[in-house]
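Written below as structure tokens is the structure these notes are about.
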Amino acid sequence: MNEREAIQGVLEKVVNLDIDGVTGQVSVALKAGADPRNVLNDGLSAGMRLVGDRFQSGEYFLTELLLAGEVMKAGLVPLEPLLVNTDIQGKGTVVLATVKGDIHDLGKNLVGMMLSAAGFEVIDLGSDVASQRIVEAVGKHQAKIVALSMLLTPMVISLRSAVEEITMAGLRDQVKIIIGGACTTPVLAKELGCDAHGEDAMAAVYLCEKFV
Amino acid sequence: MTSIERVNSLLNRQKLDRVPFFPFSLGFSAKNVGYPVGSVYSEPVRSFDAQLWTQQMYGHDQYPFFGSAVYGTSEFGGEVEFPIGDSIQSPRSVRYPVQSLKDIDKLRLLDPQAAGNLPKALEFSKMQESHGGLISLVVGGVFTTAGNICDIRNLCMWIAREPETVHRVVQLAADHILSAARLWVKIFGTQRLLVQIWEPTAANSIISPRTFEEFVLPYQQKLHQEILGLSVKHILCHICGEQNKNLPLWSQVPMGDPGIVSLGQQVSIADGIKYFGEKNIIAGNLDTSLIANAAANEVYEAAKKCILAGKDAPSGYILMTACETPSSTPPYNFYMLTKAINDFGFYD
């Protein structure tokens with residue numbers, strides 16, 4: 001098996017959710033001489049992207065997406081020590097949070113997983129996050145994008161507050177703000193002065209790629 | 001007609017004056033009467049009063065009920081936190097009974113008289129009984145209950161990795177729900193009993209129809225058969241969220257004579273009628289985000305659209321929200337729903 005075939009094999013392990021086979025296939029690719037960065041980008045990350053596309057098209061569901069995240073983690077085990085000293089150029093930093101008052105983090109975590117797989121550095125602030133913490137994180141990490149999640153309708157207040165605080169801190173021009181979650185809509189995004197609304201985790205990846 | 005007469009007529013397939021209106025308003029009712037949102041899920045007396053007074057104020061038809069979407073967590077020994085203050089709407093699971101595979105063997109069916117929130121639910125049903133309306137037992141569907149036992153993340157992971165474990169937990173959830181139904185039948189009889197089953201976790205945003213077919217359908221089907229076998233006449237099944245791909249499977253689950261099938265906004269009323277309407281009352285599917293955030297005239301138009309889409313369903317229709325009415329809903333928007341019912345809901 002040559003280098004290219006071995007990396008393609010890694011991609012297929014991810015897409016086929018083969019958690020037992022992915023680590024071995026990554027090792028095969030490395031033994032075939034593949035650059036660890038290529039195994040990550042063209043194997044694991046590309047596989048995750050295909051999984052995301054399948055999720056978006058309705059072929060895969062949350063169960064498959066969660067499992068794909070575990071496959072990715074398993075695939076990273078032999079890669080991580082080799083990636084430490086490489087100069088991987090990330091796509092930029094995304095500050096991610098579920099807004100104040102809302103403790104739901106499943107959707108947010110999926111977005112974080114897919115963004116990381118796509119090469120973004122993700123600063124995940126967790127759930128029930130106060131606006132001030134979001135502002136601090138944007139400044140501290142020089143984030144290019146803020147991705148805010150909300151499941152519960154009443155938390156529109158918190159979403160609005162986060163956007164307002166980012167603006168008042170003078171950071172609005174340096175970041176794009178995207179929102180997502182069960183109760184969010186493109187209309188709401190526009191109404192709150194956000195830059196975009198993502199329908200699902202994969203849409204968030206495409207939006208972030210568009211904005212960087 | 002009074003609300004009780006209207007709902008009874010609907011359940012008995014008799015003529016109605018107008019479409020009934022079920023606003024699914026728990027937190028909204030608490031706020032409406034000045035109680036903390038959390039009290040509607042955790043304090044039977046306040047919960048009953050808040051809902052009854054709100055019903056009287058707005059003239060809707062949904063008799064007070066007691067329950068939440070975290071059903072199963074405390075009923076199997078986990079811990080639930082009720083909303084504190086008004087900013088969080090719903091109870092949440094803070095400690096699941098099962099956190100890893102090693103906890104599975106410790107799972108036991110608890111006596112429903114003492115399990116989790118059921119003692120409070122019993123107290124609530126005694127108030128329902130003495131006030132003369134429908135007596136409801138509110139439980140989760142088998143998959144939702146299982147997700148509240150194990151955490152949905154684990155359940156999703158185990159579907160692929162530990163399918164036998166998932167089957168085991170879902171079966172245990174079904175056994176528990178049946179034991180609760182048996183208790184309600186024993187104490188309250190079946191004449192006025194409505195078993196409400198809420199199933200958000202089996203939505204297609206989470207699981208595929210294939211997963212539904214293997215891990216949900218057989219258990220949900222058997223559970224409904226067994227509940228109806230206790231002489232319960234009606235099940236209100238809230239098929240919450242995006243369930244379009246599951247509809248052909250849900251249509252194989254008996255709901256009663258008639259049952260009530262409540263739809264999320266993602267499932268059209270037309271599809272609800274197509275799959276369930278011949279035998280069952282259709283309820284739905286007002287977008288709750290819209291009710292809370294849109295302008296009053298938009299809420300009115302949305303309610304009108306629902307009423308006209310469902311009004312002539314073969315076994316009847318209830319104007320209902322797609323899920324719980326947000327506690328932050330402006331009262332005037334809520335009034336718009338009542339206005340729409342009065343303007344478009346009457347039968348000739």
Side-chain angles (χ1 to χ4, degrees), chain A residues 16-20 54-71 73-74 98-110 113 127-128 130 150-161 180-189 191-192 197 199-201, chain B residues 27-28 31 37 81 83-94 147 151-161 163 166 200-212 215 240-242 244-245 264-266 287-294 298 322-329:
Chain A
N16 296 327
L17 311 172
D18 185 355
I19 197 164
D20 297 320
R54 289 188 183 189
F55 177 71
Q56 209 169 28
S57 71
E59 190 183 339
Y60 275 3
F61 298 83
L62 181 66
T63 39
E64 285 80 9
L65 208 52
L66 284 168
L67 192 56
E70 295 301 308
V71 176
K73 274 189 210 164
T98 302
V99 296
K100 182 76 186 161
D102 196 335
I103 45 82
H104 297 89
D105 61 1
L106 193 53
K108 172 191 68 64
N109 292 347
L110 288 173
M113 182 179 90
S127 56
D128 190 18
M150 177 191 83
L151 182 79
L152 302 173
T153 318
M155 295 310 109
V156 169
I157 301 165
S158 304
L159 210 48
R160 181 173 282 124
S161 151
C183 290
T184 60
T185 62
V187 175
L188 182 68
E191 193 183 303
L192 297 179
H197 165 260
E199 191 63 36
D200 53 40
Chain B
F28 177 85
K31 279 182 89 168
V37 169
E81 185 177 272
I84 302 162
D86 288 344
S87 63
I88 294 182
Q89 167 144 344
S90 308
R92 61 173 178 146
S93 304
V94 289
D151 188 346
I152 181 63
R153 291 174 185 81
N154 286 331
L155 204 62
C156 284
M157 293 297 298
W158 295 342
I159 282 169
R161 306 279 294 159
V166 176
T201 306
N204 294 134
S205 44
I206 299 173
I207 61 169
S208 67
R210 200 168 14 154
T211 300
F212 185 98
F215 293 95
C240 189
E242 167 55 271
N244 279 296
K245 290 178 179 163
Q265 74 249 23
Q266 298 87 344
D287 182 341
T288 51
S289 179
L290 182 128
I291 296 169
N293 297 308
E298 293 175 85
C323 200
E324 189 179 339
T325 292
S327 58
S328 62
T329 298

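The figures here come from the full heavy-atom set of this structure, side chains too, leaving out hydrogens, waters and symmetry mates. Below, chain A is the first sequence line, B the second, and so on; all start at residue 1. All values reported here derive from a predicted model rather than from experimental measurement.
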Most chain A-contacting option - heavy-atom pairs closer than 4.5 Å, from B:G241, B:C156, B:A160: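 Ranked by heavy-atom pairs under 4.5 Å with chain A, first place is B:C156.
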Sub-4.5 Å side-chain heavy-atom contact between B:S205 and A:F55: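 They are not in side-chain contact.
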Side-chain heavy atoms of A:F61 within contact of B:I206, under 4.5 Å: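 Not touching, per the 4.5 Å side-chain cut-off.
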Carboxylate-amine/guanidinium contact B:R161 A:D20, below 4.0 Å: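 Salt bridge flag = yes for A:D20 with B:R161.
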Heavy atoms of other groups near A:E191 CD, more than 12 under 6.0 Å: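 Buried by this count: over 12 neighbours within 6.0 Å.
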Contact origin within B:D287 toward chain A - heavy atom pairs under 4.5 Å: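 For B:D287, neither part sits under 4.5 Å from chain A.
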From [atom1] ([X]) to [atom2] ([Y]), nearest 0.5 Å:
X      : Y      : atom1 : atom2 : value
B:T201 : A:L62  : OG1   : CG    : 10.5 Å
B:N293 : A:L188 : CG    : CG    : 6.5 Å
B:I159 : A:E64  : CD1   : CD    : 8.5 Å

A:E70 portion near chain B, given a 4.5 angstrom heavy-atom threshold: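 Interface part for A:E70: side chain.
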Chain B contact via A:N109 - which portion, at a heavy-atom distance below 4.5 Å: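 Contact with chain B involves the side chain of A:N109 alone.
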For B:F28, all residues meeting ring-ring contact (aromatic ring centres under 6.0 Å, His included), sequence neighbours excluded: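 Only B:F334 meet the ring-ring contact (aromatic ring centres under 6.0 Å, His included) criterion with B:F28.
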Max heavy-atom pair count under 4.5 Å with chain B, selected residue of A:V187, A:T63, A:I19: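 Among the listed options, the one with the most contacts to chain B is A:T63.
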